[in-house]
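Just the heavy atoms: all of them, side chains too, but no hydrogens, waters or symmetry mates, feed the values below.
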Amino acid sequence: MTVTKMSWRPQYRSSKFRNVYGKVASREKCYDCIPITKNVHDNHFCAVNAKFLAIVTESAGGGSFLVIPIHQTGRIEPNHPKVCGHQGTVLDIKWNPFIENVIASCSEDTSVRVWEIPDGGLKRNMTEAVLELYGHSRRVGLIEWHPTANNILFSAGYDYKILIWNLAIGEAVKMIDCHTDVILCISFNTDGSLLATTCKDKKLRVLEPRSGKVLQEASCKNHKVMRVVFLGDMNRLLTTGFSRWNTRQIALWDQEDLSVPLIDDEVDGLSGLLFPFYDMDTHMLYLAGKGDGNIRYYEITTEKPFLTYLMEFRSPAPQKGLGAMPKHGLDVSQCEIFRFYKLITLKNQIEPISMIVPRRSETYQEDIYPMTQGMEPAMTADEWLSGINRGPVLMSLKEGYQKECKATFKAPVRDKKSLVVNGIDLLENVPPRTENELLRMFFRQQDEIRRLKEQLAQRDLLIRQLELELRNLRNNPKDS
């Protein structure tokens, strides 16, 4: 199979999305004075749904994140209550797709925690999680909810393992340990029957998540994969990464044959990671670079050229990360098809950006709002673990989605020492440490050696003083 090189010349074709434009929210509808984290981990540090906006914040000790009601815009007070139960820096946060008050977080303290936010937001700092999950032997960098099964959560740690948690019982029920280095990204297909991962070992994998079996694997010699996303039901994968010359690249793959990409082309020469966002309803792909101010968007098709460049939203303010609003939270009366929440560290601000299809009519536009994924789970955790696959339960946006989530989250508190999955003690299978971990351990050991030397020097000084006093006593017994 030959690799198709993309052409960046404008391709004139009939598309209802060729005039999509980005509209920045007015100043009073932004979120100001937010101490956004300065952590350099390649995550979005932001999660949003129709009720709340969550942002990982900078904190002096431990880890914390803000949870703000979505309509509480404007200036956020410095003493606004936070979720601050982690002992280490928070690295990722994700809202439950079926229960809008439940959010999961993971941290450098090796734990995954599940929190239940009260309606109306926090009135005081929240330190007690509904559920604390311990199973990783290193920090946990990624979490992801299963797209159709209730109470199934995936976590990926720096111990090179992916754990599958059944939150109904509060335990890890499966472990995927086929990776040989740090896992960079995980993505599900539409019904959650397949899992795609990118890894620091420069390999792209497609897995069966329940068994952990690797179905497809690509060794990307000319394309260092960083991020991956399933393209809905097209049997395609899209990856972003870097070429051997450190230029940013995108590649399109057939998920059943990863031997060679269908498309492999360079985007630009910037150094920031490209975050892909895919809208399966409109078949539009958005590419946003970390540290960039622009967002490129494309239309995906099943036939060549597969990927058609549409336009680019430009802004002078660089983005640290982006949150994406679920479809049921969009304003259909304004023909809004996607909404980003842009983290701007230079301004300590979160800026909503709406992607809008220009239409004159004020009636509901059924052609741009097909049936979309709703908030009802398709199956229980036990059904998915038994081998059942079901697609998402669909809903219409025609009447506006105002359904309140009445479900509550209840899970048993588990013992923190429970680290055995499938009969394997995770702490007995610790992989080699990374270079940064070795450096940190070296400096800690140097500090410990310096401290011990100071203690030895103080002890020697004390011994010499005692010997001198004893000698004086022997020479002058009358004085005693």
Just wondering, are more than 12 heavy atoms of other shown residues or ligands nearer than 6.0 Å to [atom1] in [X]?
X: Arg451; atom1: CZ; value: yes
X: Gln455; atom1: CD; value: yes
X: Asp268; atom1: CG; value: yes

Check: Under 3.5 Å, is there a donor-acceptor pair between the side chain of Lys347 and the main chain of Ala317?
Finding: no
Note to self: Tell me if the centroids of the rings in Tyr297 and Phe338 come within less than 6.0 Å of each other.
What the structure shows: no
Next item on the list: Decide if the gap between the ring center of Phe340 and the ring center of Phe313 is smaller than 6.0 angstrom.
Entry: no
Next item on the list: Begin from the C-alpha positions of Leu163 and Val140 and carry the test side chain to side chain contact (heavy atoms under 4.5 Å, CB included) through to its verdict.
Entry: CA-CA 10 Å; Leu163 295 183; Val140 187; over 6 Å; no
Next item on the list: Among Leu394, Val393, Leu397, find the one that has a side-chain contact (heavy atoms from CB on, under 4.5 Å) with Met371.
Entry: Leu394
Check: Which class fits the ring pair Tyr278 and His283: parallel under 30°, tilted 30 to 60°, perpendicular over 60°?
Finding: tilted
Which atoms form the tightest heavy-atom contact between [X] and [Y], and what is the distance?
X: Thr247; Y: Ser243; value: OG1-OG, 2.6 Å
X: Ala54; Y: Ile103; value: CB-CD1, 3.7 Å
X: Arg390; Y: Ala378; value: NH1-O, 3.1 Å
X: Val102; Y: Trp95; value: O-CE3, 3.3 Å

Please determine if [X] and [Y] form a salt bridge, counting it only when a charged side-chain N lies under 4.0 Å from a carboxylate O.
X: Glu217; Y: Lys203; value: yes
X: Asp331; Y: Arg339; value: no
X: Asp119; Y: Lys51; value: yes

Notebook entry, point to check: So how far is it from Asn43 CG to Phe275 CZ, rounded to the nearest 0.5 Å?
Noted result: 7.0 Å
Check: Rounded to the nearest 0.5 Å, what separation is found between the CZ atom of Arg139 and the OG atom of Ser107?
Finding: 10.0 Å
Margin query: As a quick check of understanding, evaluate side chain to side chain contact (heavy atoms under 4.5 Å, CB included) for Arg210 and Trp384, giving each step before the final call.
Written below: CA-CA 9 Å; Arg210 282 168 291 227; Trp384 182 78; 3.3 Å; yes
Next item on the list: Please report the C-alpha distance between Lys327 and Asp279 in whole Å, then the side-chain angles of each, then the deciding distance to 0.1 Å, and finally whether the salt bridge (Lys or Arg N to Asp or Glu O under 4.0 Å) criterion is met.
Entry: CA-CA 9 Å; Lys327 271 300 178 75; Asp279 181 358; 3.1 Å; yes
